[in-house]
Number of protein chains: 2
Amino acid sequence: MRKPQPFPYRYAYPHPAVTTDVILFTIKDAQLQILLIRRAQPPMQGSWALPGGFLNIDESLEDCANRELQEETGISGVHLEQLYTFGRPDRDPRERVISVAHYGLAPSDKLSPTPASDAQDVNWHPINDLPELAFDHADIVNLAHRRLVKKLDDASTAFQLIHPEFTLSELQAVFEIILNKRLDKRNFRRRMLDMELLEETGKSFSNGNHRPAKIYRSKNPERVVILK
Amino acid sequence: MRKPQPFPYRYAYPHPAVTTDVILFTIKDAQLQILLIRRAQPPMQGSWALPGGFLNIDESLEDCANRELQEETGISGVHLEQLYTFGRPDRDPRERVISVAHYGLAPSDKLSPTPASDAQDVNWHPINDLPELAFDHADIVNLAHRRLVKKLDDASTAFQLIHPEFTLSELQAVFEIILNKRLDKRNFRRRMLDMELLEETGKSFSNGNHRPAKIYRSKNPERVVILK
DNA sequence: GCAAAAGTGTTCCAGATACACCCATGT
DNA sequence: ACATGGGTGTATCTGGAACACTTTTGC
């Protein structure tokens, strides 16, 4: 235990460690997947875990989450949102650790995760087929998944998981994968178009022995949804 | 700065302090109010602030919130839910402090806050007429208020702000105060009764020169809503 | 009998759902 | 010509919002 310090007004008892963890969702191979690292360091060396790590004493929580994601997976520039704070006293064997979990969405094709720092390996894993996870990370993923489903009823959420220009069928696939159910094509298209969030690019996309699809884009691609 | 320690796997860099803060809502004098303490200790001695304080190294976040509420205001037994974690690097002048905010609801008539511990005074304050608050507590209150409004569309939230047996008019008043708008009596009553969350007690309540009101109670009073 | 809050039904609108066929293209 | 996914319209249901009068009581 630390001794009380003479620093004015400073709390004199032991401080827990604070970390951030990141759940990064993507859609890949028609499945909802998350990014995991294989831990290169003890404890739980060799286990799969969420990217994340200790807070620097002068950085914000969100900066920490972004930095750890970048350091461990090479991925940066994703908009992360705070999810929940996990603090069970026994959740980490090292010492008392409070973890502020963040989540984000990204289209997988633009991202090339590369292991670095504390990670000996990095990979996407289907949310429905996850390996055993270190610490309480399975709980964290669970909560993040439920939040994502809720968040999807703001349609612009789905745009973050898709390339900037897309067909309505591709967009519908994103919804169907996350909601894990089939949607009616006509109703889906009407709903999307009625929201006035989409515009036609004029281009179309021809894929096989069938009619080409119109390509759309989001009208306000920079829209950041604040939904604390 | 602390020196790296020899403890196995322990993070060797300075740890922030972790606190919890509590926003406790009630309805009193036909207004939505929150519980504030006047700080007895520096920093910000004499300012109004949310009850809260430092996390003990082996207690859960929720236990900490409950303990601090109890220590500073004498109030216990309220169900608290995590709100959000605030961690701006400069939000506390003492040192780096991460605060995990919690909120809860309680009927004011059963509670008698009494100052203790770090508080030299405790009082309810109308949300629409708050004093200047210490630290970033105004932001925290703001977010809590918005969350409460959202949470209200699960009607059972309102039951937490009212005595166990109540008339529909009293319940409607709770909604009107939180939503800050008038509701239609017929629509409100139909909506409440259609949900099948209420049952008649058989009793009625006579109040003045008019027809007495039926008294209802919640069908499942112990229902704890988990809405992370 | 009058003042005051309790109690009660119907209409309307918007958004969600269910449902089946023609269109444009590649082979 | 046929196989394949793209594209379209209508009927129905459901939940929310608007709206005014009768009932029961105390004085």
Side-chain angles (χ1 to χ4, degrees), chain A residues 27 29-30 149-159 162-163 165-218, chain B residues 27 29-30 149-159 162-163 165-218:
Chain A
I27 289 187
D29 306 331
V149 170
K150 241 189 248 158
K151 200 174 153 68
L152 195 64
D153 60 14
D154 175 350
S156 60
T157 299
F159 301 160
I162 209 168
H163 8 263
E165 305 198 333
F166 48 84
T167 69
L168 285 179
S169 295
E170 287 170 329
L171 188 61
Q172 183 173 344
V174 171
F175 277 78
E176 290 183 341
I177 290 166
I178 297 178
L179 299 177
N180 193 31
K181 65 176 176 192
R182 299 299 318 268
L183 300 175
D184 180 83
K185 206 199 320 189
R186 284 165 292 190
N187 293 337
F188 179 79
R189 295 163 102 89
R190 181 180 30 252
R191 192 153 64 86
M192 287 302 123
L193 296 172
D194 285 357
M195 286 184 197
E196 315 245 317
L197 294 174
L198 295 181
E199 60 187 6
E200 301 191 12
T201 61
K203 289 177 272 185
S204 67
F205 172 66
S206 194
N207 190 24
N209 325 340
H210 56 82
R211 178 170 177 176
K214 288 185 188 171
I215 298 182
Y216 292 82
R217 76 169 78 88
S218 166
Chain B
I27 288 186
D29 305 331
V149 169
K150 243 190 246 159
K151 201 174 154 69
L152 194 64
D153 60 16
D154 175 350
S156 59
T157 299
F159 302 161
I162 210 170
H163 7 263
E165 305 199 332
F166 48 85
T167 68
L168 286 179
S169 297
E170 288 170 327
L171 188 61
Q172 184 173 344
V174 171
F175 276 77
E176 290 183 342
I177 289 165
I178 296 177
L179 299 177
N180 194 30
K181 65 176 177 192
R182 298 300 317 268
L183 299 176
D184 179 85
K185 204 196 326 186
R186 281 164 294 186
N187 292 337
F188 178 80
R189 294 164 103 91
R190 179 179 34 253
R191 192 154 63 86
M192 287 302 123
L193 296 172
D194 284 356
M195 288 184 197
E196 316 242 318
L197 294 174
L198 295 181
E199 60 187 7
E200 300 190 12
T201 60
K203 290 179 272 184
S204 65
F205 173 67
S206 195
N207 190 24
N209 324 341
H210 58 82
R211 180 171 176 173
K214 287 184 186 171
I215 297 182
Y216 292 82
R217 76 169 78 88
S218 166

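All chains are named by letter (A, B, ...) in the order of the sequence lines, taking the proteins before the strands, and each is independently numbered beginning at 1. These numbers come from a predicted model, not from an experiment.
- With a 4.5 Å cut-off on side-chain heavy atoms, B:Arg189 and B:Ser169 count as touching.
- Rounded to an integer number of Å, the gap from CZ of A:Phe188 to P of D:dG6 is 12 Å.
- Listed by chain and residue number, B:Asn187 satisfy the side chain to side chain donor-acceptor pair (under 3.5 Å) test with B:Arg190 (two or more places apart in sequence, or in another chain).
- One can place CG of A:Asn207 at 10 Å from C1' of D:dT4, the figure rounded to the nearest angstrom.
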Start with the C-alpha gap between A:Asn207 and A:Thr167, add the side-chain angles, then the distance that decides, and say whether side chain to side chain contact (heavy atoms under 4.5 Å, CB included) holds.
CA-CA 11 Å; A:Asn207 190 24; A:Thr167 69; over 6 Å; no

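- Judged by distance alone, with hydrogens and angles left aside, the side-chain atoms of A:Thr157 form a donor-acceptor pair with the main-chain N or O of A:Lys151 at under 3.5 Å.
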Counting only pairs under 3.5 Å, give me each side-chain donor-acceptor contact of residues 172-182 of chain B, with atom names and distances, residues two or more places apart or in other chains.
from	atom 1	to	atom 2	distance (Å)
B:Gln172	NE2	B:Glu176	OE2	3.0
B:Gln172	NE2	B:Leu183	O	3.0
B:Glu176	OE2	B:Arg182	NE	3.4
B:Glu176	OE2	B:Leu183	N	2.9

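- Qualifying side-chain contact (heavy atoms from CB on, under 4.5 Å) partners for B:Arg217, counting only residues two or more places apart in sequence or in other chains: B:Glu165, B:Glu199, B:Thr201.
- Under the 6.0 Å cut-off for aromatic ring centres, A:Phe166 and A:Phe205 do not qualify, their centroids lying 6.0 Å or more apart.
- Taking the 5' to 3' direction, DNA chain C first and last meets chain B under 4.0 angstrom from a heavy atom at C:dA3 to C:dT10.
- Side-chain to base pairing of A:Asn209 with D:dC2: no donor and acceptor N or O lie closer than 3.5 Å to each other.
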For B:Lys214 and B:Lys203: C-alpha separation, side-chain torsions, deciding distance, then whether side chain to side chain contact (heavy atoms under 4.5 Å, CB included) applies.
CA-CA 6 Å; B:Lys214 287 184 186 171; B:Lys203 290 179 272 184; over 6 Å; no

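- Rounded to an integer number of Å, the gap from CG of B:Asp194 to C1' of D:dT14 is 12 Å.
- Considering only heavy atoms from C-beta on, A:Leu197 stays 4.5 Å or farther from A:Met192 through its side chain.
- Residues from residues 165-178 of chain B lying near DNA chain D, meaning a heavy-atom separation below 4.0 Å, are absent.
- The distance from atom CG of B:Asn187 to atom C1' of D:dA20 is 13 Å, rounded to the nearest whole Å.
- Rounded to an integer number of Å, the gap from A:Leu198 CG to D:dG7 P is 12 Å.
- Expressed to the nearest 0.5 Å, how far OG of B:Ser218 lies from CG of B:Leu171 amounts to 10.0 Å.
- Place A:Ser206 and A:Asp184 on DNA chain C by their nearest nucleotides, and A:Asp184 ends up nearer the 5' end.
- Distances shown here put every side-chain N or O of B:Arg186 at or beyond 4.0 Å from the OP1 or OP2 atom of D:dA20.
- Interface residues of residues 210-217 of chain A facing DNA chain C, ordered by number: A:His210, A:Arg211, A:Pro212; criterion, heavy-atom separation under 4.0 Å.
- Separating the CD1 atom in B:Ile27 from the CD atom in B:Glu170 is a distance of 11.0 Å, to the nearest 0.5 Å.
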